[in-house]
Undergrad: 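Quick one: structure below, then a few questions.
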Amino acid sequence: MSLRSKERRGNVAWRSPSNIALIKYWGKYGDQLPQNPSISLTLKNSFTQTRVSYYPKDVQGELSFSFQFQKKSHPGFYDRIRKYLHRVKSYFPFLEDYHLDIESENSFPHSAGIASSASAFSALVLALETIENLVHDGGHEMDLTRVSEIARLGSGSACRSLFPIAALWGKTPESETSSDLHAIPMESQLHDIFKSFHDSILIVSQASKKVSSTAGHSLMRNHPFSKVRYEEARRNLKEMLEALRLGDVERVGFITEMEAMQLHALMLCSNPNFILLQPNTLKIIERLKDFRLTTGIPVYFTLDAGPNVHILYPDEYRTHVQNLIVDQLLGYCDNAQWIQDSIGEGPMKLE
Ligand code: DP6
């Protein structure tokens with residue numbers, strides 16, 4: 001059957017969220033496999049939307065695509081996607097026969113410590129998988145395990161963005177179905193209280209990071225504390241799973257903060273060392289701890305690989321915490337910017 005018929009063109013679009021790790025992935029081996037298991041909460045308002053138009057190309061074989069980010073060309077992203085598509089082409093035989101026009105946009109600033117590669121790669125892979133199904137399989141049900149595995153090859157944290165509420169990535173004796181190859185859904189393992197959680201992301205700086213996550217991961221290879229860190233992460237994961245199941249907000253918060261601090265402590269003593277924290281990051285953390293101490297409200301922080309602060313709290317305390325943010329913390333943010341995010345239901349196919 002000829003692939004070059006008119007009906008064999010179309011476009012698909014997906015919205016996929018970012019995620020925030022409670023137990024951090026920092027350090028990898030082999031083909032983008034994690035040195036320790038990680039757990040994340042799936043976000044709602046921080047997302048990437050990616051539309052991929054496809055049509056048969058004249059010459060079979062050579063990869064052919066265009067890419068626009070926020071309606072503009074972006075040579076850096078184009079190159080990363082080109083390498084990625086080469087890497088995953090065996091999963092998507094349709095790439096042999098089709099040209100792609102990829103358009104992507106984020107609901108938040110990229111490279112500012114919000115895991116933009118997580119939402120970007122998960123949205124892209126969902127679109128590619130949808131096209132592959134339409135073109136070659138006639139539309140069978142999406143296999144999220146496979147999608148997660150392919151997304152992992154773009155960016156490790158992307159494999160966790162595919163599932164509602166929460167996801168676990170990395171082999172652990174705590175879960176039989178866990179794997180280093182892909183993430184698994186965790187919604188059923190979570191107490192309901194966490195499903196009501198907010199994540200207010202305080203944008204301390206939206207400048208691009210000086211050291212990428214990928215470069216940071218590679219510094220774990222010869223890091224003096226890597227072995228201790230991987231053991232610690234495993235211990236924290238075990239405790240975190242129990243606390244998430246029991247609805248023990250205080251314990252989840254305590255471990256989450258410890259994980260954030262360990263992540264940045266590892267950066268401070270990498271060789272070469274680097275600092276992604278900024279003075280205002282620390283001021284926000286101090287203020288938040290004071291607030292928790294004086295009010296008793298269970299509100300906790302975490303950090304990704306960047307200076308921005310994620311503030312996590314149950315819905316019940318929304319007004320108190322958001323008043324704190326507006327009255328006392330926005331002065332530490334870049335142009336008083338913050339993202340009011342919360343826990344979300346995972347990716348969504350768009351019309
Ligand atoms: C600190 O997934 O961005 O956010 O796999 O090299 O693309 P690559 O790295 P990435 O690393 C995320 C690191 C982190 C922690 C986490 O999300 O678990």
Side-chain angles (χ1 to χ4, degrees), residues 17-22 24 40-41 43-48 70 105-116 118-119 196-213 216 249-250 252-268 273-344:
S18 183
N19 64 77
I20 179 69
L22 304 180
K24 306 293 183 184
S40 58
L41 297 176
L43 297 180
K44 189 185 197 165
N45 301 329
S46 306
F47 57 78
T48 299
Q70 318 274 64
E105 51 194 32
N106 282 356
S107 65
F108 56 88
H110 74 89
S111 298
I114 301 169
S116 57
S119 54
S196 83
F197 257 52
H198 292 261
D199 178 5
S200 297
I201 311 169
L202 272 53
I203 310 292
V204 171
S205 164
Q206 57 171 328
S208 290
K209 289 185 280 189
K210 290 198 189 76
V211 179
S212 71
S213 292
V249 172
E250 207 177 309
V252 166
F254 180 81
I255 305 167
T256 300
E257 291 192 350
M258 193 159 64
E259 279 284 311
M261 291 308 214
Q262 280 190 14
L263 171 71
H264 284 266
L266 289 164
M267 297 175 194
L268 294 177
N273 66 65
F274 62 106
I275 308 174
L276 297 182
L277 299 171
Q278 292 199 1
N280 282 350
T281 313
L282 302 180
K283 290 193 179 127
I284 291 170
I285 291 174
E286 278 309 309
R287 283 284 177 112
L288 189 78
K289 285 182 161 183
D290 286 347
F291 175 81
R292 184 166 71 215
L293 206 65
T294 49
T295 61
I297 288 176
V299 53
Y300 301 91
F301 71 86
T302 187
L303 304 159
D304 257 344
N308 303 326
V309 185
H310 290 246
I311 300 186
L312 299 168
Y313 50 96
D315 186 54
E316 200 187 327
Y317 301 101
R318 187 180 60 222
T319 312
H320 290 92
V321 177
Q322 293 181 359
N323 284 345
L324 165 82
I325 292 172
V326 172
D327 297 344
Q328 294 189 42
L329 304 181
L330 287 192
Y332 299 121
C333 296
D334 191 354
N335 276 322
Q337 284 185 86
W338 64 305
I339 300 171
Q340 253 178 299
D341 217 330
S342 54
I343 305 316

Undergrad: Got more than 12 heavy atoms from elsewhere within 6.0 Å of CG, L268?
TA: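 Above 12, so yes.
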
Undergrad: Supply the atom-to-atom distance I20 CD1 to F197 CZ, rounded to the nearest 0.5 angstrom.
TA: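 So the CD1 of I20 and the CZ of F197 are separated by 13.0 Å.
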
Undergrad: Could you check whether any side-chain heavy atom of S342 comes within less than 4.5 Å of a side-chain heavy atom of K44, counting everything from C-beta outward?
TA: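 Yes; the side chains approach each other to less than 4.5 Å.
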
Undergrad: Might you point out which heavy atoms bring T256 and V252 nearest each other, and give the distance in Å?
TA: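 That would be OG1-O, 2.6 Å.
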
Undergrad: I'd like to know if the side chain of H198 and the backbone of I343 have a donor-acceptor N/O pair within less than 3.5 Å.
TA: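 No: the side chain of H198 does not pair with the backbone of I343.
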
Undergrad: Give the minimum heavy-atom separation between P298 and P314, together with the two atoms involved.
TA: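 Nearest heavy atoms, P298 then P314: O-CD, 3.4 Å.
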
Undergrad: On a heavy-atom basis, which atom in P307 and which in Q278 lie closest, and how many Å separate them?
TA: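 Heavy atoms only, the tightest pair is CB-CG, 3.8 Å.
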
Undergrad: Could you give the distance from CE (M261) to CE (M258), rounded to the nearest 0.5 Å?
TA: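 Answer for the CE-CE pair, M261 versus M258, is 11.5 Å.
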
Undergrad: Can you name the closest pair of heavy atoms from V249 and Y300 and give their distance?
TA: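 It is O-CE1, 3.9 Å.
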
Undergrad: Contact between F291 and V299 at the side-chain level, heavy atoms closer than 4.5 Å - yes or no?
TA: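 The answer is yes, as the side chains (C-beta and beyond) meet within the 4.5 Å cut-off.
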
Undergrad: Please confirm whether the backbone N or O of V204 pairs with a side-chain atom of D334, one donor and one acceptor, at under 3.5 Å?
TA: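 No; judged by distance alone, with no hydrogens or angles, the pair does not exist.
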
Undergrad: From L202 CG over to L288 CG, what is the distance, rounded to the nearest 0.5 angstrom?
TA: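 Between L202 CG and L288 CG, I get 9.0 Å after rounding to 0.5 Å.
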
Undergrad: In the structure I gave you, are the side-chain heavy atoms of N280 and K283 within less than 4.5 Å of one another anywhere?
TA: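 N280 reaches K283 side chain to side chain.
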
Undergrad: Any donor and acceptor pair, going by atom type alone, linking the side chain of D341 with main-chain N or O of N45 inside 3.5 Å?
TA: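 A pair under 3.5 Å: yes.
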
Undergrad: Below 4.5 Å, heavy atoms only, C-beta onward: do L22 and L312 meet side chain to side chain?
TA: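 A side-chain contact under 4.5 Å exists here.
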
Undergrad: Which heavy atom of D304 sits nearest a heavy atom of H264, and at what distance?
TA: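 What the structure gives for the nearest pair is O-NE2, 2.8 Å.
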
Undergrad: Just so I know, are the side chains of L276 and M267 near enough to count as touching, which here means a heavy-atom distance under 4.5 Å?
TA: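 Yes, at least one pair of side-chain atoms sits under 4.5 Å.
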
Undergrad: Have a look at I339 and tell me which of S107, S200, S46 forms a side chain to side chain contact (heavy atoms under 4.5 Å, CB included) with it.
TA: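 It is S46; the other options fail the test.
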
Undergrad: What I'd like to find out is whether the side chain of I201 reaches to under 4.5 Å of the side chain of L43, using heavy atoms alone.
TA: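 A side-chain contact under 4.5 Å exists here.
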
Undergrad: Check F47 against F108 and note the closest heavy-atom contact, atom names and distance.
TA: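 So the two residues come closest at N-CE2, 3.3 Å.
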
Undergrad: Between Q322 and Y313, is the side chain to side chain contact (heavy atoms under 4.5 Å, CB included) condition met? List the steps.
TA: CA-CA 10 Å; Q322 293 181 359; Y313 50 96; 2.9 Å; yes

Undergrad: Assess the side chains of S119 and S18: does a donor N or O sit below 3.5 Å from an acceptor N or O?
TA: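 Short answer, no.
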
Undergrad: Can you check whether L303 reaches V309 side chain to side chain, under 4.5 Å on heavy atoms?
TA: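 Yes; the side chains approach each other to less than 4.5 Å.
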
Undergrad: Distance from L324 atom CG to I311 atom CD1, nearest 0.5 Å?
TA: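 Rounded to the nearest 0.5 Å, the CG-CD1 separation comes out at 6.5 Å.
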
Undergrad: Hey, is CD on E250 packed in by over 12 heavy atoms from elsewhere, all under 6.0 Å?
TA: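 No, CD of E250 has 12 or fewer neighbouring heavy atoms, counting only those of other groups under 6.0 Å.
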
Undergrad: Enter the distance from N335:CG to L330:CG here, rounded to the nearest 0.5 Å.
TA: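 Answer rounded to 0.5 Å: 11.0 Å.
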
Undergrad: Between R287 and D290, does any NZ, NE, NH1 or NH2 come within less than 4.0 Å of an OD or OE carboxylate oxygen?
TA: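 Salt bridge flag = no for R287 with D290.
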
Undergrad: Roughly how far, to the nearest 0.5 Å, is CD1 of I255 from OG1 of T302?
TA: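 T302 OG1 to I255 CD1: 12.0 Å, rounded to 0.5 Å.
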
Undergrad: Would you say that R292 contacts K289 through its side chain, given a criterion of any heavy-atom pair below 4.5 Å between the two side chains?
TA: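 R292 vs K289: side chains touch.
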
